[in-house]
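Structure, as structure tokens:
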Amino acid sequence: MKNPFEALDKTLEHSVRLQIMSVLVANESYDFSALRDLLGVTDGNLATHIRALEREKYIVVTKSFVDRKPHTRYKAAERGRQAFRKHLDAMAALVRMQKTNS
Amino acid sequence: MSDQPAFERDLASIRNLMDRSVKFLSLSGLSGVLAGTYALGGAYYASTLLPEPGTYTAEGILQDRGLILHWLVVAVIVLVASLLTGFIMSARNAKKSGMTLWNETSRRLFVNLSVPLVAGGIFILAMVARGHYGIIAESCLLFYGLALVNASANLYDEVRWLGYSEIALGLLASVIPGHGLLFWSVGFGVLHIGYGAAMYFKYEK
């Protein structure tokens with residue numbers, strides 16, 4: 001049997017990143033401040049994890065100006081959706097394993 | 001539960017987060033009960049404006065422009081009072097759970113509700129202006145039901161069933177003409193009170 005621990009996504013193992021991905025998979029797009037309020041994290045913390053997801057090309061960033069203020073929105077990229085699905089499948093497999101072992 | 005595996009807890013919290021990111025959950029059930037009560041009060045007042053029983057027919061009433069306009073004013077007062085109550089009580093709910101009333105989810109909810117409601121409202125006013133008073137009640141119920149179904153993705157799942165009920169009632173009213181006020185009272189009064197109370201006890205108690 002394959003080891004489900006190996007199927008876990010290294011980038012998504014961090015809980016804030018996994019949370020960001022779940023919000024973006026469930027919604028067409030989300031903006032920075034709404035994401036920050038929903039997750040209850042600081043600006044700096046969120047920015048760090050967004051950058052990590054961006055680097056993996058899991059999310060797409062669109063920048064625009066609303067009332068001359070910069071407005072940043074995030075979308076899940078197809079690559080990110082696939083990684084998210086695989087990661088959740090691996091988590092579910094681990095849950096099943098833990099259940100049969102106990 | 002402490003013996004719940006960590007991954008299982010994580011999966012549950014992700015599902016919860018996904019829900020919260022899509023749905024506006026601050027909508028107050030109690031404000032539904034109040035809105036239903038206003039509707040019943042308004043419908044009762046509207047019925048007292050009718051002439052003595054037996055002295056009129058449904059067709060005759062629908063020709064009475066003065067009475068219809070009076071009813072329309074009552075309906076608008078009920079609508080504004082309900083919206084205001086819903087707004088104030090949902091703002092209080094949002095504050096209690098540390099959320100803001102105007103956020104990503106409520107913005108989407110607003111758009112999804114507004115499109116069918118504004119279209120329906122303009123349509124009904126246009127029909128009234130052309131003298132078609134007989135379709136007001138069923139049109140209100142139909143467009144309201146469609147708006148609820150359309151916006152149900154951004155609300156508790158039960159809202160979809162409230163929407164289906166309003167649509168069914170609107171269709172029923174359209175094939176049984178002459179009982180507009182009764183159908184209107186059931187759709188906006190009884191259903192709101194029942195739904196609001198159920199939501200209040202399920203999620204807010």
Side-chain angles (χ1 to χ4, degrees), chain A residues 3-9 12-41 46 49 59 62 66 71-76 80-81 83-102, chain B residues 1-28 87 90-116 147 149-160 203:
Chain A
N3 182 1
F5 277 104
E6 282 170 16
L8 287 174
D9 189 293
L12 296 181
E13 268 185 300
H14 193 286
S15 101
V16 174
R17 287 177 214 155
L18 184 58
Q19 287 179 17
I20 296 171
M21 266 330 278
S22 20
V23 173
L24 295 183
V25 165
N27 293 272
E28 208 176 291
S29 67
Y30 235 73
D31 77 5
F32 187 87
S33 52
L35 206 50
R36 177 198 58 206
D37 295 344
L38 186 68
L39 302 185
V41 292
L46 183 59
H49 293 301
I59 61 175
T62 47
V66 179
H71 184 85
T72 317
R73 294 198 73 87
Y74 303 97
K75 279 183 172 197
R81 283 179 196 277
F84 179 74
R85 210 169 303 135
K86 251 185 75 186
H87 186 73
L88 283 203
D89 285 347
M91 281 172 78
L94 284 167
V95 170
R96 275 196 302 275
M97 226 172 71
Q98 279 169 334
K99 280 207 170 136
T100 45
N101 287 352
S102 61
Chain B
M1 221 82 75
S2 58
D3 60 342
Q4 196 185 22
F7 285 116
E8 196 166 359
R9 213 179 42 231
D10 287 350
L11 281 173
S13 78
I14 287 169
R15 200 165 304 131
N16 176 281
L17 178 66
M18 288 171 105
D19 253 14
R20 270 193 300 136
S21 72
V22 179
K23 291 176 191 298
F24 177 71
L25 302 178
S26 303
L27 190 68
S28 153
F87 187 79
S90 299
R92 234 181 41 181
N93 260 3
K95 206 170 161 192
K96 225 176 358 188
S97 53
M99 309 262 289
T100 48
L101 185 66
W102 194 239
N103 58 25
E104 192 89 17
T105 54
S106 62
R107 219 167 3 242
R108 280 176 214 183
L109 172 65
F110 181 77
V111 172
N112 287 342
L113 274 179
S114 298
V115 172
V149 172
N150 195 41
S152 61
N154 303 112
L155 286 164
Y156 285 115
D157 293 334
E158 288 84 348
V159 171
R160 185 174 295 115
Y203 295 109

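In this text, all values refer to a predicted model and were calculated from it rather than measured experimentally. Quick note on labels: first sequence line is chain A, next is B, and so on, each numbered from 1.
- Applying the salt bridge (Lys or Arg N to Asp or Glu O under 4.0 Å) test to residues at least two apart or on different chains, the pairs with a partner in residues 91-105 of chain B are A:R73-B:E104, B:E104-B:R107, B:E104-B:R108.
- There is no contact between A:L24 and chain B, counting heavy-atom distances below 4.5 Å.
- For A:L35, no part lies near chain B; criterion is any non-hydrogen pair under 4.5 Å.
- Take A:H14 and apply the ring pair (Phe, Tyr, Trp, His ring centres under 6.0 Å) test, not counting sequence neighbours, and it matches A:H49.
- Of all heavy-atom pairs between A:V25 and B:M18, the closest is CG1-CE, 4.0 Å.
- Heavy atoms closer than 4.5 Å to chain B are found in the side chain of A:L94, but not in its backbone.
- Contact of A:D37 with chain B is not made at all, since no heavy-atom distance falls under 4.5 Å.
- In terms of heavy-atom proximity, B:E8 sits nearest to A:V95 at N-CG2, 3.5 Å.
- For the atom pair CZ (B:R9) and CE (A:M91), the distance works out to 10.0 Å, reported to the nearest 0.5 Å.
- Heavy-atom minimum distance, A:A26 versus B:V22: O-CG2, 3.6 Å.
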- request: Show your working on side chain to side chain contact (heavy atoms under 4.5 Å, CB included) between B:I14 and A:L88 and close with a plain yes or no.
  value: CA-CA 10 Å; B:I14 287 169; A:L88 283 203; 3.8 Å; yes

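- Here the CG atom belonging to A:L18 is positioned 7.5 Å from the CG atom belonging to B:D10, to the nearest 0.5 angstrom.
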